[in-house]
Amino acid sequence: MQILPFYLVCDESGSMNGAPIDSINTALPDLHHEISTNPTVADKTRFCLIGFSDDAKVLQPLVDLSDIDSLPALAAGGLTSYGEAFRTLLRCVEADVAALKAQGHDVYRPVAFFLSDGSPTDDGWQQAHKELVEARYGPKIIAFGIGEAEAATIGHVANFRAFMQQDTSVSPAQALREFAASLTRSIVRSANSIPADGSGGFTLAVDETVPGFSTVSLDKL
């Protein structure tokens, strides 16, 4: 079977406390329900949740969402270590792809949705990012910035598409609801584009525009 792994890499730093983290936690059950109750989508995709602050933790290892009852919640606190997020994501991707291949699956290049509301607080994160995107199974990264995140940094993190919360007229909570909806749509549409007969490629169907966000160019720092 052909499998498309998705990773949600979410900022859990202290500045996400309150409405932002609550919005993500409210949206995760909807994402789980949408995917897990659609056999066509669930069979072709796998989902992993990584949270990061001072360090990064795999909150939900890569899984067929129809095999679990719920997704774990995020909890805010600490700083914003992008480097830890990228190193953890790379370890997961390498192990997960190897495991899926060992099970006899064909694996598409992984897709990572990265979300942050601030600038990285660690030095050397760029090297960790470089190692991630240049790895053999380096993921396609869609990056979203809200709050105090810097557009230039978000545009550097992404290698497929990047979005930045538009302005203060859209609250972080509203923006995050749109982010979660976009993530869910991307998983469903991409899975539905995978040929049922296993005959080849697919289309990574990520929104070109997201309500409450502006598109950011993929500039290099």
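All values derive from a computational prediction rather than experimental measurement. All heavy atoms count here, side chains included; hydrogens, waters and symmetry mates do not.
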*Would a distance-only check, ignoring hydrogens and angles, find a side-chain to backbone donor-acceptor pair under 3.5 Å from E84 to S81?*
no
*Within residues 30-53 or reaching into it, pairs that qualify as side chain to side chain donor-acceptor pair (under 3.5 Å) - sequence neighbours excluded*: none
*Which pair of non-hydrogen atoms, one from A112 and one from L89, has the smallest distance, and what is that distance?*
CB-CD2, 3.8 Å
*Could you grab the distance from atom NE2 of H105 to atom CG of L4, nearest 0.5 Å is fine?*
13.0 Å
*Flag yes if V170 and F213 sit in one hydrophobic cluster, no otherwise; membership is Ile, Leu, Val, Met, Phe, Trp, Tyr, and two members link when side-chain heavy atoms are under 4.5 Å apart.*
no
*With distance as the sole test, does N25 use its side chain to make a donor-acceptor pair with the main-chain N or O of L74 at under 3.5 Å?*
yes
*Side chains of L28 and L8: closer than 4.5 Å at any heavy-atom pair?*
yes
*Say you draw a straight line from NZ of K130 to CD of E134; how long is it, rounded to the nearest 0.5 Å?*
3.5 Å
*Would you name the heavy atoms of L59 and A73 that are closest together and state the gap between them?*
CD1-O, 4.3 Å
*asked:* Could you tell me if the side chain of V157 sits less than 4.5 Å from the side chain of F86, heavy atoms only?
replied: yes
_Looking at G118, is its backbone amide N or carbonyl O close enough to the side chain of T80 to form a donor-acceptor pair, meaning the two atoms are under 3.5 Å apart?_
no
*Would you kindly confirm whether L204 and I187 end up in one hydrophobic cluster when ILVMFWY residues are joined by side chain heavy atoms under 4.5 Å apart?*
yes
*Pairwise side-chain contact, L71 with L65, heavy-atom cut-off 4.5 Å (strictly under)*: yes
_Atom CD of Q166: over 12 foreign heavy atoms under 6.0 Å_ = yes
_To check you understand the geometry: which heavy-atom pair defines the closest contact between G147 and M164, and what is its length?_
O-CE, 4.2 Å
*Do any pairs count as a ring-ring contact (aromatic ring centres under 6.0 Å, His included) and have a residue in residues 167-190, sequence neighbours left out, and if so which ones?*
F144-F179
*asked:* Looking at every non-hydrogen atom in both residues, tell me the closest pair between A128 and G83 and how far apart they are.
replied: CB-O, 3.8 Å
*From OG (S23) to CE (M16), nearest 0.5 Å*: 8.5 Å
*Going by heavy atoms in the side chains, are T215 and E208 under 4.5 Å from each other?*
no
_Pairwise distance NE2(H156) to CD1(I141) - rounded to 0.5 angstrom_ = 9.5 Å
*Give a yes or no on whether the backbone of T203 and the side-chain of S193 come within a donor-acceptor separation of less than 3.5 Å.*
yes
_Distance-only side-chain donor-acceptor flag, S15 / D117, under 3.5 Å_ = yes
*asked:* Does any part of the side chain of S13, heavy atoms only, come nearer than 4.5 Å to the side chain of F52, both counted from C-beta?
replied: no
*Less than 4.5 Å apart, any side-chain heavy atom of F47 and any of L31?*
yes
*Would you indicate whether D67, at its atom CG, is surrounded by more than 12 heavy atoms from other residues, nucleotides or ligands within a distance under 6.0 Å?*
yes
*Given C92 and I50, is the side chain to side chain contact (heavy atoms under 4.5 Å, CB included) satisfied, shown in steps?*
CA-CA 10 Å; C92 287; I50 297 171; 4.1 Å; yes
*Quick one: does D54's side chain have a donor or acceptor within less than 3.5 Å of a partner on L79's backbone?*
yes
*In Å and rounded to the nearest 0.5 Å, what is the CD1 to CG distance from I142 to L183?*
9.0 Å
*Answer yes if the ring centres of F113 and Y7 are under 6.0 angstrom apart, and no otherwise.*
no
*Please name the pair of heavy atoms, one in L218 and one in A162, separated by the smallest distance, quoted to 0.1 Å.*
CD2-CB, 3.7 Å
*asked:* Quick one about Y108 and Q2 (side-chain donor to acceptor, distance below 3.5 Å, no hydrogens or angles considered), yes or no?
replied: yes
*Got a donor-acceptor contact below 3.5 angstrom from the E131 side chain to the R87 backbone?*
no
*Verify, without hydrogens or angle tests, whether T88 (side chain) and A85 (backbone) share a donor-acceptor contact under 3.5 angstrom.*
no
*Can you name the nearest heavy-atom pair linking G138 to R109, along with the distance?*
O-NH1, 2.8 Å
_Nearest-0.5 Å distance, CG of residue L115 to CD of residue E12_ = 11.0 Å
*asked:* Is it the case that the side chain of S182 and the backbone of E178 share a donor-acceptor pair, with hydrogens and angles ignored and the cut-off at 3.5 Å?
replied: no
*Do S214 and F163 come within less than 4.5 Å of each other through their side chains, counting heavy atoms only?*
no
*If we only count heavy atoms from C-beta on, is the D96 to P110 side-chain gap below 4.5 Å?*
no
*Could you give me the CA-CA distance, side-chain angles and deciding distance for L100 and L62, then say whether side chain to side chain contact (heavy atoms under 4.5 Å, CB included) is met?*
CA-CA 10 Å; L100 288 169; L62 196 73; 4.0 Å; yes
*Given salt bridge (charged side-chain N to carboxylate O under 4.0 Å, His left out), test R161 with D207 step by step and report yes or no.*
CA-CA 9 Å; R161 201 157 286 164; D207 290 340; over 6 Å; no
*Measure centre to centre between the rings of Y82 and F114, then say whether the value is under 6.0 Å.*
yes
